[in-house]
Protein chains: 2
Amino acid sequence: MSDSAKAFQTDEQFNQRLHTSGFRFTPQRQHVYNVLMETRDHPTADQVFIRSREGMPEISMATVYNCLDALVKSGLVRQVSLDRAATRYCPNMTEHCHFHCTDCGKIFDIDLDDKPSVPEAKLPRGFKPEQIEVSMRGHCPDKGCSGHSRN
Amino acid sequence: MSDSAKAFQTDEQFNQRLHTSGFRFTPQRQHVYNVLMETRDHPTADQVFIRSREGMPEISMATVYNCLDALVKSGLVRQVSLDRAATRYCPNMTEHCHFHCTDCGKIFDIDLDDKPSVPEAKLPRGFKPEQIEVSMRGHCPDKGCSGHSRN
DNA sequence: CTATCTATTTAGAATAATTCTAATTATTGA
DNA sequence: TCAATAATTAGAATTATTCTAAATAGATAG
């Protein structure tokens, strides 16, 4: 109600995005989004909740989860770890990456001959990676998964 | 006690690995490892627990977590999602990957000009990726993090 | 503009995943 | 063998996330 013209254009686009994905615009969603944009430091849902309450004291945790979910599904926000389910374990210590099938939920090992090296040159000065992980999501070749069925 | 000679050599190496990382050999650790090697399907800790009980009915959930942790720290097993903490959110929708600093816990956006494309040609027939994520762990440039301190 | 329909929000309960605790047991090394 | 330490166990505790039911808000048809 008090945010001024400068943000309006963005709000329009924001609105669009939500609508396209079948969500309504709500002040809570806008607020959660603003909170994320304000400090781009990869907060947890709980941190988002705490920050969101500053400008919107009545907001609930459930709403924060709901908003984050809507924002992710609208392509406005990303989850840093693709999956929020239980951790899985893998005894394959060779160079490989993981393919999560979004249809059947299975995880496949995909061998990589090119080991996933992000050349250090590309990293800002001072970053020293010790482990690089590549993961993919999509459809696996199993029957019913490869985009044959609607879901 | 009944596993035969073929596995012995492996056991030796297994033992070595644990010792090098400061862990003792225990039948539970061996068993959990065997369970993982038996069916390489990325089970959750809970699934490992259920399977482990088949050959070792007295094993507890806490031990399974303990064993998995020891195996991961010894480099014998990987966690599929690098982090088992709360999901984090990121409003940066440009092509980038994430760098987790193992010292300070911060997550940094790293821009990628080469978008992380695993050429479809490399994938086994039928896999259709829709999203590719690259993430790194290591030391960030912040003071005290870049390997200056021992940890 | 009002009634209605549906999406959203809310608080709090429920569930799921993981970690912690305290007592017991096993292993190592003097 | 004995002491010291590490690991295991059951179960409680914690944390992250999802669910539920009631209340509210927004869009739409009249």
Side-chain angles (χ1 to χ4, degrees), chain A residues 1 11 14-33 35 42-53 55-74 76-77 79-89 105 107, chain B residues 1 11 14-33 35 42-53 55-74 76-77 79-89 105 107:
Chain A
M1 251 178 205
D11 283 5
F14 180 82
N15 207 325
Q16 271 311 313
R17 287 282 200 143
L18 285 173
H19 272 268
T20 306
S21 307
F23 295 104
R24 289 190 185 158
F25 172 92
T26 70
Q28 287 87 345
R29 284 171 183 163
Q30 177 75 70
H31 186 63
V32 164
Y33 184 66
V35 162
H42 311 87
T44 62
D46 194 61
Q47 291 172 313
V48 173
F49 176 50
I50 291 166
R51 294 177 197 176
S52 293
R53 271 194 309 201
M56 191 178 267
E58 353 55 58
I59 199 170
S60 74
M61 191 69 213
T63 298
V64 168
Y65 271 105
N66 172 344
C67 291
L68 288 170
D69 191 56
L71 294 172
V72 168
K73 286 187 177 142
S74 305
L76 288 157
V77 163
Q79 285 181 213
V80 170
S81 33
L82 292 179
D83 232 330
R84 51 179 164 187
T87 305
R88 288 164 179 281
Y89 298 87
I107 298 178
Chain B
M1 250 178 206
D11 282 4
F14 180 81
N15 208 324
Q16 271 311 313
R17 288 283 199 141
L18 284 174
H19 272 269
T20 305
S21 308
F23 295 103
R24 289 189 184 159
F25 172 91
T26 70
Q28 286 87 345
R29 284 173 182 162
Q30 177 75 71
H31 186 64
V32 164
Y33 184 66
V35 161
H42 310 88
T44 62
D46 194 61
Q47 291 172 314
V48 173
F49 176 50
I50 290 166
R51 293 177 196 176
S52 294
R53 270 192 310 199
M56 191 177 269
E58 351 57 54
I59 198 170
S60 74
M61 191 69 214
T63 299
V64 168
Y65 271 104
N66 172 345
C67 291
L68 288 170
D69 191 57
L71 293 172
V72 168
K73 286 187 177 141
S74 306
L76 289 157
V77 163
Q79 285 183 212
V80 171
S81 32
L82 293 178
D83 233 331
R84 52 178 162 186
T87 305
R88 290 165 178 279
Y89 297 87
I107 298 177

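Values reported hereafter were calculated over all heavy atoms of this structure, with side chains retained and with hydrogens, waters and symmetry mates removed. Chain letters run A, B, ... following the sequence lines, proteins first, then strands; residues in each count from 1.
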Peer 1: Nearest whole angstrom, please: distance from the C1' of dA26(C) to the NE2 of His31(B).
Peer 2: 18 Å
Peer 1: In the structure I gave you, are the side-chain heavy atoms of Asp46(B) and Met61(B) within less than 4.5 Å of one another anywhere?
Peer 2: yes
Peer 1: Just how far, in rounded Å, is C1' of dA7(D) from CG of Leu71(B)?
Peer 2: 14 Å
Peer 1: What's the CZ-P distance between Phe49(B) and dT19(C), to the nearest Å?
Peer 2: 16 Å
Peer 1: Considering all heavy atoms of both residues, which atom of Ser21(B) and which atom of Ser74(B) are nearest to each other, and what is their separation?
Peer 2: OG-CA, 3.4 Å
Peer 1: Under 3.5 Å between N/O atoms: give me all the protein pairs with nucleotides 9-15 of chain C, atom names plus distance.
Peer 2:
from, atom 1, to, atom 2, distance (Å)
dT9(C), OP1, Thr26(A), OG1, 2.8
dT9(C), OP2, Asn66(A), ND2, 2.9
dT9(C), O3', Gln28(A), NE2, 3.1
dT10(C), OP1, Glu58(A), O, 3.2
dT10(C), OP2, Ser60(A), N, 3.2
dT10(C), OP2, Thr63(A), OG1, 2.5

Peer 1: What's the CD1-P distance between Ile50(A) and dA16(D), to the nearest Å?
Peer 2: 10 Å
Peer 1: Just report the end-to-end axis angle for the helix from dC1(C)-dG30(D) to dA30(C)-dT1(D), five pairs per end, to 10 degrees.
Peer 2: 30°
Peer 1: If the condition is salt bridge (Lys or Arg N to Asp or Glu O under 4.0 Å), which residues does Arg51(A) pass it with, not counting sequence neighbours?
Peer 2: Asp41(A)
Peer 1: Specify the separation, in whole Å, of atom CG of Leu68(B) and atom C1' of dA17(C).
Peer 2: 13 Å
Peer 1: Residues two or more places apart in sequence or in another chain: which of them pass side-chain contact (heavy atoms from CB on, under 4.5 Å) with Thr26(B)?
Peer 2: Gln28(B), Arg29(B)
Peer 1: Measure from the side-chain N and O atoms of Thr20(A) to the backbone N and O of Gln16(A), and report whether any donor-acceptor pair falls under 3.5 Å.
Peer 2: yes
Peer 1: Below 4.0 angstrom from OP1 or OP2 of dT18(D), is there any side-chain N or O of Tyr65(A)?
Peer 2: no
Peer 1: Which atom names give the shortest non-hydrogen contact between Phe49(B) and Ser60(B), and what distance separates them?
Peer 2: CE1-C, 3.5 Å
Peer 1: Atom CZ of Phe23(A) and atom P of dT6(C): how far apart are they, to the nearest Å?
Peer 2: 18 Å
Peer 1: Taking all heavy atoms of Phe25(A) and all of Leu18(A), pick out the closest pair and write down the distance.
Peer 2: CA-CD1, 3.9 Å
Peer 1: Could you measure the distance from the CD1 atom of Ile50(B) to the OG1 atom of Thr44(B)? Nearest 0.5 Å is fine.
Peer 2: 7.0 Å
Peer 1: Just how far is it from atom CD of Glu58(A) to atom CZ of Arg53(A), taken to the nearest 0.5 Å?
Peer 2: 11.0 Å
Peer 1: Are Leu71(B) and Phe14(B) close enough that some pair of their side-chain heavy atoms sits under 4.5 Å apart?
Peer 2: yes
Peer 1: Show each protein N/O and nucleotides 28-30 of chain C N/O combination with a separation under 3.5 Å, one pair to a line.
Peer 2:
none

Peer 1: State which residues pass side-chain contact (heavy atoms from CB on, under 4.5 Å) with His31(B); sequence neighbours excluded, sorted by chain then number.
Peer 2: Val35(B), Ser52(B), Met56(B)
